[in-house]
J.: 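Below is the structure I would like to discuss, written out as structure tokens.
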Amino acid sequence: MKIYDVVVVGGGLAGLTSALHLTKQGFQILVIEKNEYPNHKVCGEYVSNEVRPYLSYLGVDFNSKNSIEIDTLQMSTRSGKSIETKLPLGGFGISRYALDNMLYNTAKDKEVSFLFETVSSIIFDNDSFEVTVSSSEKYKSRIVIGAYGKRSGLDKKLNRKFILQKSPWLGVKCHYEFDNFPSNLVALHNFKGGYGGLSKIENGAINFCYLANFESFKLFNSIKEFNQHIVSQNPFLKEFLDKASPKFKKPLSIAQISFEKKRTVENHVIMCGDSAGLIHPLCGNGMAMAIHSAKIASDCITDYLNSKNADRNSLENKYALLWREEFEARLRMGRIIQRLLMNNTVSEMAIGTIAKSEKILQTMIKRTHGSPILVKCS
């Protein structure tokens with residue numbers, strides 16, 4: 001049985017970031033990911049600049065060749081009433097196809113170990129973990145990070161409460177060719193039963209990713225029909241879908257997206273990224289949150305592994321506290337904004353009010369985004 005300091009289950013943003021961070025601290029890391037790189041994922045593909053200093057510290061830098069600079073936010077209601085404002089920190093557009101692959105290649109260069117398998121069980125016993133994969137191979141570690149995304153069969157095996165509740169949300173994503181979309185813009189457009197985001201990514205394509213209530217979606221036979229009859233009721237989205245050309249053979253989709261509260265530690269597994277908590281996509285900051293949560297977890301784990309008097313309860317309580325302090329208010333604001341925009345009458349009135357005061361919109365942005373993640377160079 002191979003032994004590592006940390007086994008990371010899931011090789012998305014949180015998993016890869018934590019692997020890079022902990023390897024930089026001198027620990028032996030194994031990342032277990034079910035899919036080989038690169039691959040597409042349902043994701044908004046806009047990243048707040050709050051993570052730039054931290055990613056640079058980890059050896060991941062972005063430039064005009066591999067990302068698109070974004071500094072303006074546009075929001076619209078179903079009827080097409082819209083507002084625009086400058087983003088306080090700004091951000092960049094990059095596909096998960098490119099970003100995950102970039103992080104993966106950087107991690108490989110740093111000698112992070114990878115295994116492309118599905119994890120079948122995580123057992124904690126005698127202050128250590130035994131992780132078993134589908135091929136029946138077993139791996140031992142002092143720490144396991146759960147970074148496997150929004151939902152997984154592992155959630156059931158860990159008896160996580162949220163997985164027992166049905167969620168009404170469906171996510172859909174596709175890349176398009178569309179010449180008239182401003183490179184510096186991230187747009188959030190409301191439609192009946194959902195909302196969608198548009199932003200340019202590194203190859204010049206436009207990513208369109210939306211969240212829809214399954215009750216409204218199931219009335220139609222296909223994503224194409226839903227786009228034509230519901231999504232296109234928003235004038236901005238109608239123009240886009242009428243004129244844009246899809247680059248995928250068919251859109252990607254994911255069902256049962258849950259925004260219920262999750263525990264940040266389950267059976268001593270440290271949860272990161274979407275496994276710990278999911279912010280509503282209209283807040284446009286889920287990717288940055290995943291990266292930041294990995295930083296918080298990695299700092300706590302580093303202290304634990306370097307301590308002569310390591311106490312697991314102290315590690316878990318510290319991580320849970322720091323996670324809540326950083327993200328709980330953002331998630332709460334995200335839920336409030338979502339409820340506001342999903343009510344058509346209220347959203348029309350709210351957009352009109354916000355349009356008269358840029359300060360209100362700036363406050364909303366700041367409450368769903370964090371400050372730049374600062375690190376001490378070592």
Side-chain angles (χ1 to χ4, degrees), residues 10 12-13 34-35 39-46 75-78 95-97 148-156 160-176 186-199 206-234 236-238 240-241 244 246-262 273-275 277-287 289-290 331 334-335 337-344 347:
L13 293 180
K34 62 182 180 180
N35 298 311
N39 55 80
H40 290 287
K41 295 180 180 178
V42 176
C43 181
E45 302 188 333
Y46 160 81
M75 296 178 68
S76 78
T77 64
R78 298 181 202 176
S95 68
R96 289 295 301 276
Y97 187 92
Y148 46 76
K150 300 174 181 64
R151 60 189 297 115
S152 164
L154 287 173
D155 291 316
K156 291 184 179 179
R160 305 190 76 189
K161 290 183 179 180
F162 85 90
I163 202 71
L164 302 176
Q165 303 174 6
K166 286 189 176 181
S167 172
W169 296 108
L170 170 81
V172 177
K173 163 190 161 172
C174 188
H175 288 172
Y176 292 83
V186 57
L188 293 168
H189 299 302
N190 200 11
F191 55 84
K192 184 180 180 180
Y195 43 85
L198 293 167
S199 58
I206 308 302
N207 180 50
F208 179 37
C209 186
Y210 66 77
L211 191 72
N213 188 298
F214 187 71
E215 288 300 312
S216 60
F217 184 84
K218 71 180 183 180
L219 301 175
F220 299 89
N221 294 320
S222 66
I223 291 173
K224 183 177 180 180
E225 282 191 19
F226 183 73
N227 288 350
Q228 289 175 340
H229 294 284
I230 299 297
V231 177
S232 291
Q233 289 179 8
N234 181 301
F236 288 98
L237 294 177
K238 176 175 173 54
F240 176 78
L241 290 170
K247 294 174 67 70
F248 294 173
K249 289 184 178 179
K250 62 178 183 179
L252 305 179
S253 63
I254 179 173
Q256 292 287 314
I257 299 175
S258 176
F259 297 99
E260 297 295 324
K261 289 185 178 180
K262 301 176 181 179
D274 290 347
S275 299
L278 187 62
I279 194 168
H280 288 277
L282 62 90
C283 297
N285 208 30
M287 293 170 75
M289 275 187 58
L331 294 173
R335 288 190 289 269
I337 296 172
Q338 189 227 29
R339 285 196 295 269
L340 183 152
L341 289 184
M342 290 299 291
N343 184 310
N344 189 46
S347 67

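Hydrogens, waters and symmetry mates are skipped; everything else that's a heavy atom, side chains included, is used. Bear in mind that the values here come from a model prediction, so they are computed numbers and not experimental data.
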J.: Classify the ring geometry between H175 and H40 as parallel (under 30°), tilted (30 to 60°) or perpendicular (over 60°).
T.: perpendicular
J.: At what distance, to the nearest 0.5 angstrom, does NZ of K150 lie from CD of Q256?
T.: 13.5 Å
J.: OH/Y46 to CG/L188 distance, rounded to the nearest 0.5 angstrom?
T.: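 Answer for the OH-CG pair, Y46 versus L188, is 10.0 Å.
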J.: Salt bridge or not between K161 and E260? Use side-chain N to carboxylate O under 4.0 Å.
T.: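 Looking at K161 and E260, the cut-off is not met.
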J.: What distance do I230 atom CD1 and L237 atom CG have between them, rounded to the nearest 0.5 Å?
T.: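 So the CD1 of I230 and the CG of L237 are separated by 12.0 Å.
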J.: When you look at F217 and I223, which way does the side chain to side chain contact (heavy atoms under 4.5 Å, CB included) test go after all the steps?
T.: CA-CA 8 Å; F217 184 84; I223 291 173; 3.6 Å; yes
J.: Only counting residues at least two apart or in another chain, list the ones meeting ring pair (Phe, Tyr, Trp, His ring centres under 6.0 Å) with H229.
T.: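 Counting only residues at least two positions away or on another chain, H229 forms a ring pair (Phe, Tyr, Trp, His ring centres under 6.0 Å) with F220.
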J.: Please name the pair of heavy atoms, one in C209 and one in V42, separated by the smallest distance, quoted to 0.1 Å.
T.: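 The pair with the smallest heavy-atom distance is SG-CG1, 3.8 Å.
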J.: To the nearest 0.5 Å, how far apart are CG in D274 and NZ in K262?
T.: 6.0 Å
J.: With no hydrogens and no angle check, just 3.5 Å: does a side-chain donor-acceptor pair link S76 and N190?
T.: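 There is no such pair between these side chains.
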J.: Determine whether C174 and F208 make a side-chain contact, defined as any pair of heavy atoms from C-beta on separated by less than 4.5 Å.
T.: no
J.: What are the two closest heavy atoms between P251 and V172, and how far apart are they?
T.: CB-CG1, 3.9 Å
J.: Between F248 and Y176, is the gap from one ring center to the other below 6.0 Å?
T.: no
J.: To the nearest 0.5 Å, how far apart are NZ in K173 and SG in C43?
T.: 6.5 Å
J.: Side chain of S258, backbone of S167: donor and acceptor closer than 3.5 Å?
T.: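 It does not hold such a pair.
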J.: Can you find a side-chain donor-acceptor pair between Y148 and D155 that sits under 3.5 Å?
T.: yes
J.: Ignoring hydrogens, what is the shortest heavy-atom contact between Q233 and K192? Give both atom names and the distance.
T.: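 In terms of heavy atoms, the two residues are closest at OE1-CB, 4.3 Å.
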J.: Can you see which heavy atom on F191 is nearest to which on G196, and at what distance?
T.: CE2-N, 3.8 Å
J.: If you measure from CG on L170 to CD1 on I254, what distance do you get to the nearest 0.5 Å?
T.: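 Reported to 0.5 Å precision, the distance equals 9.0 Å.
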J.: Over all heavy atoms of both residues, which pair between N207 and G44 is shortest? Give the atoms and the distance, please.
T.: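 Reported closest heavy-atom pair: ND2-O, 2.9 Å.
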J.: Tell me which pairs pass side chain to side chain donor-acceptor pair (under 3.5 Å) where either residue lies in residues 215-227, with sequence neighbours left out.
T.: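 For residues 215-227, and leaving out neighbouring residues, the side chain to side chain donor-acceptor pair (under 3.5 Å) pairs sorted by first residue read Y210-N227, E215-K218.
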J.: On a heavy-atom basis, which atom in K41 and which in L252 lie closest, and how many Å separate them?
T.: N-CD1, 4.1 Å
J.: Among all residues two or more places apart in sequence or in another chain, which pass the ring pair (Phe, Tyr, Trp, His ring centres under 6.0 Å) test with H189?
T.: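 Partners of H189 under the ring pair (Phe, Tyr, Trp, His ring centres under 6.0 Å) test: F236.
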J.: Mind running side chain to side chain contact (heavy atoms under 4.5 Å, CB included) on L198 and V186 for me, showing each step along the way?
T.: CA-CA 6 Å; L198 293 167; V186 57; over 6 Å; no
